[in-house]
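In each ligand, atom 1 is the first atom listed, and ligand 1 is the first ligand listed.
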Amino acid sequence: MIRPKHMHLARLPTPLHYLRGLSEQSGVHLYIKRDDLTGLLTSGNKVRKLEFLVYDAASRGCRTLVTCGGAQSNHARATAAIAAQLRMGCVLLLRGSPGEAWQGNSLLDRLLGAEVRYVSDEEYRQIEKVFEEVRIELERAGRQPYIIPEGGSNALGAFGYVAMVEELKAQLESATLRFDSIVCAVGSGGTHAGLLLGTKLVGLETRVWGVPVSDTAETFRAKIMAIIAEAVATYGLDVTIAPSEVLLLDGYAGLGYGLSRPEELAVIASLAREEGIILDPVYTAKAMLGLLDQVKRDRTRFGEHVLFIHTGGLFGLFPKARELQEAVSSKGGRS
Ligand SMILES: *Cc1c(COP(=O)(O)O)cnc(C)c1O
């Protein structure tokens, strides 16, 4: 096995703790891995992937990071923060229109000095073509681009979560703890793919469940399998993973990417006041809702000890201030 190298950009290990209130309410032992605390601006799950991707960029002599995402992409913001830290250029291809207000992540992108270019929904569907045009343009200008796919989700990026499983294994050994299931949100699939690969490579007997936040489980199963296949082929990994091992909870994408339903916002409000933990509306609120709803239906579904990965996304809350205001006002005070 060839193990790709990485930079040290994230604050690791991230804390692992017990969610007392939620565990009492749900009847299973719920833990949380605070990957929202990997850094202030380089926060969330993306920096783990970027540690591998940016090492590759630098070792190839590239000087401009190019990536894409939604207008409020956490991945784009984390890439912009790392580029600023390493004094590299940064071009972000964001899905949206130039008239969009600078707020949340898109405000931070600008503060961090990234060059934001908006692409239409139609262009975004063919983002590979846009990447190619930008690559040619930047190469001509002598800016040595390095293209990072959506969410940093390719085989190399997924190693960020293989490394996370190693980190987790060490934490579990010192706490004499084991998990029956790990649950995470699925947006571009790299986190789920990395976790699955990691449990196999590191030898952690834990099921990995993903909650798609847009699109169907079938679409994501194919994406995740493609990342795994690329990793196995590129790095000569001695693992086999069947599509049936990619466990996905269908039915929690709600209104679609970036759109929130009241029950999702209620989960944010509830975790904030009961546990002091802030989830994000685009990913972790949907994933947590999926987890809690499934446990309510079948307490044995994930086993007795369950780990939820908090993948970050804090800045995605602010463009949703008005919707969240309603969710908080309808809750009443904490007793
Ligand atoms: C990107 C993101 C995810 C999804 O991770 P993928 O590896 O893209 O599937 C989950 N949570 C947050 C906060 C994210 O920004």
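- Counting heavy-atom neighbours within 6.0 Å of R110 CZ, excluding the residue itself, gives a total above 12.
- Because its NZ or CZ atom is not both nearer than 6.0 Å to the ring centre of F315 and within 45° of the ring axis, K320 does not count as a cation-pi partner of that residue.
- Taking a 4.0 Å cut-off on heavy atoms, K49 registers as neighbouring ligand 1.
- Within a 6.0 Å radius of CZ in R117, other residues, nucleotides and ligands contribute more than 12 heavy atoms.
- Shown in contact with G190 at under 4.0 Å from a heavy atom are these atoms of ligand 1, numbered in order with element: 7 (O), 9 (O).
- Assignment of G44 to the shell around ligand 1 is not supported, since no heavy atom sits closer than 4.0 Å.
- Looking only at heavy atoms of the protein, atom 4 (C) of ligand 1 is closest to G187 N, 3.5 Å.
- Under 4.0 Å from ligand 1, not a single heavy atom of C184 appears.
- Against a heavy-atom cut-off of under 4.0 Å, T191 is close to the following atoms of ligand 1: 5 (O), 6 (P), 7 (O).
- Not a single heavy atom of G151 lies less than 4.0 angstrom from ligand 1.
- Close approach to G312 involves these atoms of ligand 1, each under 4.0 Å from a residue heavy atom: 13 (C).
- The atoms of ligand 1 that sit less than 4.0 Å from any heavy atom of N74 are 13 (C), 14 (C), 15 (O).
- Counting protein heavy atoms only, atom 14 (C) of ligand 1 is closest to K46 NZ, 2.9 Å.
- Stacking of R48 on the aromatic ring of Y161 is recorded, both the 6.0 Å distance cut-off and the 45° axial limit being met.
- In the displayed structure, E263 atom CD is contacted under 6.0 Å by more than 12 heavy atoms of other residues, nucleotides or ligands.
- Counting atoms of ligand 1 from 1 in the listed order, those under 4.0 Å from a heavy atom of V186 are 9 (O).
- The distance from the CG atom of L16 to the CZ atom of R34 is 11.0 Å, given to the nearest 0.5 Å.
- Which parts of ligand 1 touch G313 is read off a 4.0 Å heavy-atom cut-off, strictly below it: atoms 13 (C).
- Of the protein's non-hydrogen atoms, the one nearest atom 11 (N) of ligand 1 is T311 OG1, 2.6 Å.
- Residue contacts with ligand 1: N45 is placed with a nitrogen or oxygen under 3.5 Å of a nitrogen or oxygen of the ligand (distance criterion only).
- Residue contacts with ligand 1, taken as heavy atom pairs separated by less than 4.0 Å, do not involve V282 at all.
- The single protein non-hydrogen atom nearest to atom 8 (O) of ligand 1 is S188 OG, 2.5 Å, given as residue, atom name and distance.
- Salt-bridge formation is not detected for the pair R20/E275: no Lys NZ or Arg NE/NH1/NH2 atom is positioned less than 4.0 Å from an Asp or Glu carboxylate oxygen.
- Here the closest non-hydrogen pair linking R77 and L112 is O-CD1, 3.9 Å.
- In this structure, E139 contributes its side chain and I136 its backbone to no donor-acceptor pair below 3.5 Å.
- Shown here are the side-chain contact (heavy atoms from CB on, under 4.5 Å) partners of L255, two or more places apart in sequence or in another chain: L259, R261.
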